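Residue numbers begin at 1 in each chain, while the letters A, B, ... track the order of the sequences. Keep in mind that this is a model prediction, so the values were computed, not measured.
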Amino acid sequence: MCGELRLSADGEQVVVMGWVNRRRDHGNLIFLDLRDRAGIVQIVLDKELCPEAHAKAEAVRPEYVVAVQGKVRRRDAAAINPNMPTGEIEIDVDELRVLNDAKTPPFSPAEEAIGNEELRLKYRYVDLRRPAMQENMILRHKVALAIRQYLSGEGFLEIETPFMTRSTPEGARDYLVPSRVHPGEFYALPQSPQMFKQILMIGGLDRYFQIARCFRDEDLRADRQPEFTQIDLEMTFPQQETVFRVVEGFLTAAFREAGITLSTPFPQITYDDAIRRFGIDKPDMRLPELTDVRSEFEAAELESLKIEPGLPIVAIAIPNKQAMSNTQKKAFIKEVETGLGPDLAYLDVERLASSAQYAGLSERIDRAVAANCKLERIEPEHRLVVVSPRLGANKSRDHAWIYKKAGQLRLELAKRFREEHGAFEKKGTAEDYKFLWVTDFPFFEWDEESKKWTFAHHPFTSPHEDDLQAGRMESNPGAVRALAYDIVLNGIELGSGSIRIHRQEVQQQIFHSLGMSEAEAKERFGFFLEALEYGTPPHGGIALGLDRIVMILAGAQSLREVIAFPKTAKAVDLMVDAPSPATEMQLKELHIQRRRS
RNA sequence: GGGGACGUAGCUCAGUUGGUUAGAGCGCUGCCCUGUCACGGCAGAGGUCGCGGGUUCGAGCCCCGUCGUCCCCGCCA
């Protein structure tokens, strides 16, 4: 390969093939940079030494595909290019063959900075020639391979599950596939292989995994594509910790491929603690946590500062944040308060510190935050944002609400002051990757729209045995914890899993407590409830987003950088121009009539 | 479904208060050049200012609509 040649090949006769990256024409001497997946090598065409090849090279343009026969030669000391891996050698050409010419591409793969993503997606084959894209594809391959090898080594079997399956009403919107044979009926593409992998456990296949494509017809984001790839796995007889060790194992193997040595086990936090300490269920551990400084306030201080005494007062530390001018600060406070809404206020610690009345309070706040966030030095007068509930705030505002608001603000501030706090800067070590297990998610979620309790995870997740025993399903659904867990990396949810329900009567009870009748449950999940009756082992598993893992490892800002053929924010493939209308013929066969709209 | 940013040469972008012939860099084409590696020099071609409508004596610029790309909220069990 072009990019692999080194000084060790000096004197060897070689044939290399690739794309012309750049051409430098000096008249009687032409240099071609030849590019393939492995890199770039310089070809020399001297009119005196090889007039035929030189003549052909005069017509060669960037992105032509050429084959070159010649001799690898050590460059003169003055001609060595230290910026290239192949910079110590070049190839003296005996014969040059143009295998194919090329139109001038809309953008050059040789350029580092490429702006227009629309063009990149339309001409993806040109974009994929760029070394940056090729590195991402290679990284993705290595990561997937390492995970396969690890899981296989741990006794997991890779088993495929159907793409054409049954629609279930819960969860994300399904992509539907019309059936020709059954008029008016549809398959659905899987949102995940959830029920199939559980059936595999019931089928005695012990340990299953799959690098599985999943489909969700929901609106896109930078980290969400309508089709994406999950590392899906399930095992029998697991504790939560068993699943954690497997995931930590394959992630360690995957990160090793990117030159990162992770240390395991990853830290754990319960959902409740995550909300209290970070105001979010997927905390970014690169940033300091929230500090409830309510206990530092005396009653008189609360009163004179017009603070609601029954609620938390939350301080957000921003290390290394620089002081702002008065004008800047004024605008800043106004902006923050607008975001906080009418029930919360910005408490200016800097002002408190400069008044005799509150100097003591501000010192106590500083100390509390420094201790809580384990910050060595804190000069908090201009480095803290404190959110306090206004006296007479809406009665429905609870602790969790304030933590969540503060959590949002914590992330906004982190983005805004990213240069100053430096927590997002990559060092190229394991320090850049802060993994976290979040456990004990609530089992139910209150749905404001339908005024009903609904699944927080999915309906096959097992509740905590204690909560079941205590009868909380009926008495206090909001307090029931699930044996569900998420794995979080740098504030991004990488994956989610649970220990499943394996007893039919528990499954029935769950459906019942969700207000689902027996008939309804049977209609929706009948085959699955039946399977549970035929000797179901305890089982559990997890699924992780492969695209997201590779995105983070590649340092990319969007999944599109690590997917060969991604879709736009409107779910369009610009290269093949999909989706596209079906012909009348196709529709007729599928028993579909277009609605006039 | 909602909010925001962007759309001018093949590409990246500039274009003042609405004013006469819309510019730059890169790329492209031709010529010159034997040590370049983002080669260099000279010359040249290249525009439905996303699209439609409106205001105006006059619109790249103002207004309305629309399409596309990106980001965010909703949504994503």
For the side chain of A:Glu90, counting heavy atoms from C-beta on, which of B:U36, B:C76, B:U34 is nearest? B:U36

How far does the [atom1] atom of [N] sit from the matching atom of [M], given to the nearest Å?
| N | M | atom1 | result |
| --- | --- | --- | --- |
| B:U17 | B:G74 | P | 39 Å |
| B:G19 | B:G2 | P | 35 Å |
| B:U20 | B:U16 | P | 11 Å |
| B:G23 | B:G15 | P | 15 Å |
| B:C26 | B:G68 | C1' | 25 Å |
| B:C70 | B:U12 | P | 14 Å |
| B:G53 | B:G44 | C1' | 39 Å |
| B:C42 | B:G47 | P | 25 Å |

Roughly how many Å is it from [atom1] in [X] to [atom2] in [N], rounded to a whole number?
| X | N | atom1 | atom2 | answer |
| --- | --- | --- | --- | --- |
| A:Lys570 | B:C70 | NZ | P | 9 Å |
| A:Leu119 | B:U12 | CG | P | 6 Å |
| A:Asp573 | B:G68 | CG | P | 15 Å |
| A:His26 | B:C39 | NE2 | C1' | 5 Å |
| A:Glu88 | B:C37 | CD | C1' | 15 Å |
| A:Asn81 | B:C39 | CG | C1' | 12 Å |
| A:Arg130 | B:C11 | CZ | P | 16 Å |
| A:Asn28 | B:U36 | CG | P | 16 Å |

Should [N] form a Watson-Crick or G-U wobble pair with both distances under 3.5 Å, which nucleotide is its partner?
| N | answer |
| --- | --- |
| B:G23 | B:C13 |
| B:G40 | B:C32 |
| B:C75 | none |
| B:C49 | none |
| B:G7 | B:C67 |

Going by the angle between their ring planes, with limits at 30° and 60°, are [X] and [Y] parallel, tilted or perpendicular?
| X | Y | value |
| --- | --- | --- |
| A:Trp437 | A:Phe244 | parallel |
| A:Phe424 | A:His421 | perpendicular |
| A:His26 | A:Phe31 | perpendicular |

Using the ring pair (Phe, Tyr, Trp, His ring centres under 6.0 Å) rule, take A:Phe278 and A:Tyr403 through it: C-alpha gap first, then chi angles, then the decisive distance, then the call. CA-CA 7 Å; A:Phe278 300 95; A:Tyr403 291 133; over 10 Å; no

Which part of the nucleic acid, if any, lies within contact of [X], taking any heavy atom under 4.0 Å across all strands shown: a base, the sugar-phosphate backbone alone, or nothing?
| X | value |
| --- | --- |
| A:Arg73 | base |
| A:Ala172 | sugar-phosphate |
| A:Phe107 | nothing |

Which distance, rounded to the nearest 0.5 Å, do you find between the CH2 of A:Trp401 and the CD1 of A:Ile275? 14.5 Å

Exercise: do [X] and [Y] side chains pair donor with acceptor under 3.5 Å:
| X | Y | value |
| --- | --- | --- |
| A:Gln230 | A:Ser192 | no |
| A:Gln557 | A:Glu561 | no |
| A:Asp232 | A:Tyr208 | yes |
| A:Gln191 | A:Asp174 | yes |

CD (A:Glu95) with more than 12 external heavy atoms under 6.0 Å: yes

May I ask you to check whether over 12 heavy atoms, not counting those of A:Phe186, lie within 6.0 Å of atom CZ? yes

Could you check A:Phe163 against A:Tyr187 for ring pair (Phe, Tyr, Trp, His ring centres under 6.0 Å), going step by step and ending with a plain yes or no? CA-CA 9 Å; A:Phe163 272 6; A:Tyr187 302 93; over 10 Å; no

Option from A:Gln507, A:Gln198, A:Glu234 for which side-chain hydrogen bond (donor to acceptor under 3.5 Å, both in side chains) with A:Arg500 holds: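 Filter result, single survivor: A:Glu234.
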
With nearest nucleotides of RNA chain B determined for A:Glu218 and A:Arg23 from heavy-atom distances, which residue corresponds to the more 5′ nucleotide? A:Arg23

Less than 4.0 angstrom between a side-chain N/O of A:Asn116 and OP1 or OP2 of B:U69, yes or no?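 So the side chain of A:Asn116 is outside the cut-off, no N or O lying under 4.0 Å from OP1 or OP2 of B:U69.
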
Below 4.0 Å: OP1/OP2 of B:G30 and any side-chain N or O of A:Arg61: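 Yes, A:Arg61 has a side-chain N/O under 4.0 Å of OP1/OP2 on B:G30.
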
Give me the residues of residues 42-53 of chain A where at least one heavy atom lies under 4.0 Å from an atom of RNA chain B, by number, or none.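 Within residues 42-53 of chain A, the residues near RNA chain B are A:Gln42, A:Asp46, A:Glu48.
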
Please give me every residue in residues 555-568 of chain A whose heavy atoms get under 4.0 Å of an atom in RNA chain B, ordered by residue number. A:Arg560, A:Thr568

Under 3.5 Å, is there any donor-acceptor pair linking the side chain of A:Arg24 to the base of B:C33? no

Can you find an N or O donor on one side and an acceptor on the other, under 3.5 Å apart, linking the side chain of A:Asp25 with the base of B:C39?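 For A:Asp25, whose side chain was compared with the base of B:C39, there is no donor-acceptor pair (under 3.5 Å).
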
Steps toward salt bridge (charged side-chain N to carboxylate O under 4.0 Å, His left out) verdict (A:Glu63, A:Arg35): CA-CA 9 Å; A:Glu63 299 313 307; A:Arg35 182 190 68 234; 2.8 Å; yes

Taking the ring centre of each residue, are A:Phe228 and A:Phe215 less than 6.0 Å apart? no

Pairwise side-chain hydrogen bond (donor to acceptor under 3.5 Å, both in side chains) hits with a residue in residues 39-50 of chain A, at least two apart: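 Found A:Arg24-A:Gln42, A:Gln42-A:Glu90.
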
Identify the pairs formed between an N or O of the protein and an N or O of nucleotides 25-27 of chain B at a distance under 3.5 Å, and give each distance.
none

Pairs under 3.5 angstrom, nitrogen or oxygen only, protein versus nucleotides 72-74 of chain B, please.
from: B:C72; atom 1: OP2; to: A:Ala222; atom 2: N; distance (Å): 3.4
from: B:C73; atom 1: OP2; to: A:Arg221; atom 2: NE; distance (Å): 2.9
from: B:G74; atom 1: N7; to: A:Arg221; atom 2: NH2; distance (Å): 2.8
from: B:G74; atom 1: O6; to: A:Arg221; atom 2: NH1; distance (Å): 3.0
from: B:G74; atom 1: O6; to: A:Arg221; atom 2: NH2; distance (Å): 3.4
from: B:G74; atom 1: N1; to: A:Asp219; atom 2: OD2; distance (Å): 2.6
from: B:G74; atom 1: N2; to: A:Asp219; atom 2: OD2; distance (Å): 3.2

Tell me, which pairs form a salt bridge (Lys or Arg N to Asp or Glu O under 4.0 Å) where one or both residues lie in residues 519-531 of chain A, sequence neighbours left out?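 Of all non-adjacent pairs touching residues 519-531 of chain A, those that pass salt bridge (Lys or Arg N to Asp or Glu O under 4.0 Å) are A:Glu170-A:Arg524, A:Glu520-A:Arg524.
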
